[in-house]
Amino acid sequence: MNEVFEFLKKCGIYYLATAEGDQPRVRPFGTVDIFEGKMYIQTGKVKDVSRQIQANPKVEICAFCDGVWVRIACRLIRDENVKAKEHMLDAYPSLKENYSADDDNTEVLYLEDAVATFSSFGGEPRTVRF
């Protein structure tokens with residue numbers, strides 16, 4: 001998990017794919033945090049992406065950096081723990097302009113049953129599970 005976390009941090013931006021009915025939806029994200037042994041992302045409950053995740057928590061994350069890419073298939077699980085939200089907001093202080101740990105909008109989600117596959121054009125794919 002730490003290897004995947006460090007890779008996503010290094011990339012800065014990753015892409016989150018969800019489903020809306022039969023239509024895939026992909027958008028850039030930049031938040032990733034580790035709290036109490038779980039990897040988290042953050043969004044707002046008022047966003048379409050939040051509704052899509054709650055309807056179907058199976059998502060994929062993809063990021064590319066230095067000739068290597070990772071694809072992560074997982075389920076995203078909402079965590080209402082205020083301390084998890086505070087930890088994320090402390091890791092990304094600029095988010096505090098729009099979010100707070102105790103508002104009704106801030107949403108942190110942890111990755112469950114994650115399968116991360118690292119690939120490149122020159123090597124064999126390698127899988128990490130967490």
Side-chain angles (χ1 to χ4, degrees):
M1 179 178 65
N2 287 330
E3 178 184 10
V4 175
F5 170 75
E6 292 299 331
F7 187 83
L8 293 177
K9 290 289 282 187
K10 181 180 177 183
C11 292
I13 299 295
Y14 58 88
Y15 296 88
L16 175 69
T18 60
E20 185 175 57
D22 66 350
Q23 179 65 49
R25 300 289 182 196
V26 179
R27 80 276 296 146
F29 266 66
T31 55
V32 62
D33 193 23
I34 293 181
F35 177 73
E36 295 185 347
K38 296 177 185 172
M39 186 182 309
Y40 285 80
I41 68 167
Q42 184 274 335
T43 192
K45 291 179 184 176
V46 299
K47 295 182 178 182
D48 289 342
V49 66
S50 175
R51 286 187 289 283
Q52 293 159 6
I53 292 166
Q54 295 312 306
N56 180 359
K58 292 180 181 179
V59 303
E60 285 202 359
I61 294 170
C62 187
F64 179 83
C65 187
D66 297 332
V68 177
W69 62 92
V70 67
R71 288 186 335 178
I72 307 162
C74 65
R75 291 184 334 118
L76 289 178
I77 308 300
R78 181 184 281 169
D79 189 344
E80 294 293 350
N81 182 341
V82 172
K83 296 222 178 280
K85 294 176 185 182
E86 287 172 348
H87 199 270
M88 177 67 77
L89 294 174
D90 287 344
Y92 295 90
S94 63
L95 292 175
K96 293 179 181 181
E97 295 175 20
N98 297 311
Y99 298 99
S100 71
D102 58 358
D103 66 19
D104 289 331
N105 184 38
T106 301
E107 179 175 47
V108 293
L109 306 114
Y110 62 86
L111 284 66
E112 183 174 80
D113 300 327
V115 178
T117 304
F118 288 92
S119 302
S120 68
F121 290 116
E124 291 295 317
R126 185 172 53 81
T127 301
V128 176
R129 296 175 188 275
F130 59 95

Rounded at 0.5 Å granularity, tell me how far SG in C74 sits from CD in E60. 8.5 Å

Which atom pair, heavy atoms only, marks the closest approach of V108 to K85? CG2-CG, 3.8 Å

When every non-hydrogen atom of R71 is compared with those of C62, the smallest separation belongs to CG-SG, 3.9 Å

What is the minimum heavy-atom distance between I13 and G30, and which atoms define it? CD1-CA, 4.5 Å

Which value, rounded to the nearest 0.5 Å, describes the distance between Y14 atom OH and R27 atom CZ? 11.0 Å

Where is the tightest heavy-atom contact between Q52 and A19, given as atom of each residue plus distance? CB-O, 3.6 Å

How many angstroms lie between atom OH of Y110 and atom CE of M1, to the nearest 0.5 angstrom? 12.5 Å

Could you see if I61 belongs to whatever hydrophobic cluster contains F64? Use Ile, Leu, Val, Met, Phe, Trp, Tyr and a side-chain cutoff under 4.5 Å. no

Looking at S119 and W69, would you say the former's side chain and the latter's main chain have a donor-acceptor pair under 3.5 Å? no

Could you list the donor-acceptor pairs under 3.5 angstrom formed between side-chain atoms of residues 41-48 and any protein atom two or more places apart in sequence or on another chain?
unit_1	atom_1	unit_2	atom_2	d
K45	NZ	E80	OE1	3.3
K45	NZ	E80	OE2	2.9
K47	NZ	Y99	OH	3.4
D48	OD1	R51	NH2	2.3

Give, for atom CG of N81 and atom CD of E36, the distance between the pair rounded to the nearest 0.5 Å. 6.0 Å

Can you measure from CG (L89) to OG1 (T31) and round to the nearest 0.5 angstrom? 9.5 Å

Does one hydrophobic cluster hold both I34 and Y40, with members joined at side-chain heavy-atom distances below 4.5 Å? yes

Can you confirm whether T117 sits close enough to V70 that some side-chain heavy atom of one is under 4.5 Å from a side-chain heavy atom of the other? no

Atom of A116, atom of I72 and distance for their closest heavy-atom approach: CB-CG1, 3.9 Å

Sorted by chain and number, sequence neighbours left out, side chain to side chain contact (heavy atoms under 4.5 Å, CB included) with S120 holds for V68

Greater than 12 external heavy atoms within 6.0 Å of Q23's CD: yes

Between side-chain atoms of residues 4-11 and protein atoms elsewhere (two or more places apart, or another chain), which donor-acceptor pairs fall under 3.5 Å?
unit_1	atom_1	unit_2	atom_2	d
K9	NZ	Y92	OH	3.3
K10	NZ	D66	OD2	2.7

Closest heavy-atom pair, A17 versus V26, reported as atoms and distance to 0.1 Å, is CB-CG2, 3.9 Å

So, do T18 and N56 sit near enough that their side-chain heavy atoms are less than 4.5 Å apart? no

Test D79 against L109 for side chain to side chain contact (heavy atoms under 4.5 Å, CB included), laying out the working first. CA-CA 6 Å; D79 189 344; L109 306 114; over 6 Å; no

Neighbour count above 12 (heavy atom, 6.0 Å) for K96 NZ: yes

Quick check: is Y15 connected to V59 through a chain of hydrophobic side chains (ILVMFWY, heavy atoms under 4.5 Å apart)? no

Please state whether the rings of F35 and H87 are parallel, tilted or perpendicular, taking 30° and 60° as the class boundaries. tilted

